[in-house]
Amino acid sequence: MPSKKPLPKPVSTGFWLVKSEPESYSIDQFAKDKKTLWTGVRNYQARNFMMETMKPGEKVLFYHSNAEPSAIVGLGEVVRTNVPDPTALDARSDYHDPKASKDHPIWFCAEIKFLEKFDLPLSLEEIRRVDSLADMSLLAKGQRLSILQVQPDEFDVIMELV
DNA sequence: GCCAACGTTGGC
DNA sequence: GCCAACGTTGGC
């Protein structure tokens, strides 16, 4: 028996949810930018999603966290993945990592393009009231990951409600 | 502003 | 390798 388990490489469900505090990057800013690099992620699990699980063309729900109300507010689509995060190499960035270099970027991000701002944002409170969304990882206790997988059936339910 | 939950760091 | 201390996330 090998003493080490291989690192699990999760299969993409094809759908994602990314969190952003509207005060740092809002859906309105995303709509203006048309596309953005999802930089500044400094968590290995979230990074690995953007390095090896996410695929171009997959849909991304945009969630406002720490907001009033916190809610799913829009939709984007993955354009590129596994892009070295430029903020890690920028000494003036809040996200600068002195251990990162051009040959060893450490941190990677995805590029996401704007598709839609929802007419009816789906608040966290509303999400909790939908039985078929009860298993969303967004609702899991202690869940702090800024990038989460979404199941196809959950995505369909959400798109019916926004 | 509070604080539970979790990830990371570093001393040993 | 253990684990206490610390920092961050994000709901409330």
Side-chain angles (χ1 to χ4, degrees), chain A residues 1-13 15-31 33 36-54 59-76 78 81-101 104-112 114 117-118 120-151 154-155 157-158 161-162:
Chain A
M1 286 274 283
S3 58
K4 265 188 177 178
K5 289 179 192 169
L7 281 175
K9 289 193 179 179
V11 174
S12 179
T13 61
F15 300 93
W16 300 88
L17 180 147
V18 295
K19 300 177 186 174
S20 182
E21 301 195 13
E23 288 186 10
S24 61
Y25 193 78
S26 69
I27 187 68
D28 289 331
Q29 189 61 48
F30 187 30
D33 293 345
T36 190
L37 281 178
W38 206 254
T39 57
V41 171
R42 296 294 179 266
N43 170 283
Y44 287 106
Q45 195 177 343
R47 180 204 68 170
N48 291 346
F49 278 154
M50 295 194 286
M51 281 179 76
E52 53 194 23
T53 313
M54 258 185 189
K59 298 294 193 290
V60 182
L61 296 166
F62 194 106
Y63 177 82
H64 278 168
S65 59
N66 260 319
E68 295 184 9
S70 292
I72 298 172
V73 292
L75 183 67
V78 178
T81 62
N82 203 25
V83 181
D85 182 338
T87 66
L89 304 177
D90 179 356
R92 288 160 302 181
S93 169
D94 288 343
Y95 301 110
H96 179 236
D97 183 344
K99 294 193 288 294
S101 66
H104 183 57
I106 303 180
W107 301 108
F108 292 82
C109 59
E111 187 176 43
I112 301 170
F114 174 84
K117 178 182 175 180
F118 295 143
L120 297 170
L122 188 63
S123 72
L124 183 60
E125 187 186 357
E126 291 165 327
I127 294 168
R128 289 192 200 282
R129 290 204 298 259
V130 179
D131 288 344
S132 50
L133 298 179
D135 292 334
M136 280 192 79
S137 38
L138 180 67
L139 301 183
K141 189 181 173 188
Q143 178 56 69
R144 300 182 313 165
L145 262 192
S146 59
I147 301 177
L148 300 170
Q149 301 234 56
V150 174
Q151 300 301 322
E154 296 166 345
F155 181 81
V157 169
I158 290 163
L161 295 172
V162 293

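Residue numbering restarts at 1 for every chain, and letters A, B, ... go by the order of the sequence lines. No hydrogens, no waters, no symmetry mates; every other heavy atom, side chains included, goes into these values. Since this is a predicted model, take the numbers as computed values, not measurements.
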Spatial distance of atom [atom1] ([X]) from atom [atom2] ([Y]) [nearest 0.5 Å]:
X	Y	atom1	atom2	result
A:Ser70	A:Glu21	OG	CD	9.0 Å
A:Arg47	A:Ile106	CZ	CD1	8.5 Å
A:Phe108	A:Thr81	CZ	OG1	10.5 Å

In whole Å, I'd like the distance from the [atom1] atom of [X] to the [atom2] atom of [N].
X	N	atom1	atom2	value
A:Asn43	B:dC6	CG	C1'	10 Å
A:Gln143	C:dT8	CD	C1'	14 Å
A:Leu138	B:dC6	CG	P	15 Å
A:Tyr44	B:dT8	OH	C1'	9 Å
A:Asp94	C:dT9	CG	P	11 Å
A:Ile147	C:dT8	CD1	C1'	16 Å
A:Asp97	B:dT9	CG	C1'	14 Å
A:Asn48	B:dG7	CG	P	13 Å

**Asked** Between A:Tyr95 and A:Trp107, is the ring centre distance below 6.0 Å?
**Response**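 So the answer is no for these two rings.
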
Any [X] side-chain nitrogen or oxygen under 4.0 Å from OP1 or OP2 of [N]:
X	N	value
A:Arg42	C:dT9	no
A:Lys141	B:dA5	yes
A:Tyr95	C:dT8	no

**Request:** With the side chain of A:Leu124 defined as its heavy atoms from C-beta on, choose the nearest nucleotide among B:dA5, C:dG11, C:dG10.
**Result:**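 Shortest atom-to-atom distance from the side chain points to C:dG11.
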
**Request:** For A:Arg144 and for A:Asn66, find the nucleotide of DNA chain B with the closest heavy atom, then tell me which residue's nucleotide is more 5'.
**Result:** A:Asn66

**5' precedence on DNA chain B between A:Gly142 and A:Lys99 (nearest-nucleotide basis)** = A:Gly142

**Asked** Any donor-acceptor pair under 3.5 Å linking the side chain of A:Thr13 with the backbone of A:Val150?
**Response**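 Between the backbone of A:Val150 and the side chain of A:Thr13 there is a qualifying donor-acceptor contact (under 3.5 Å).
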
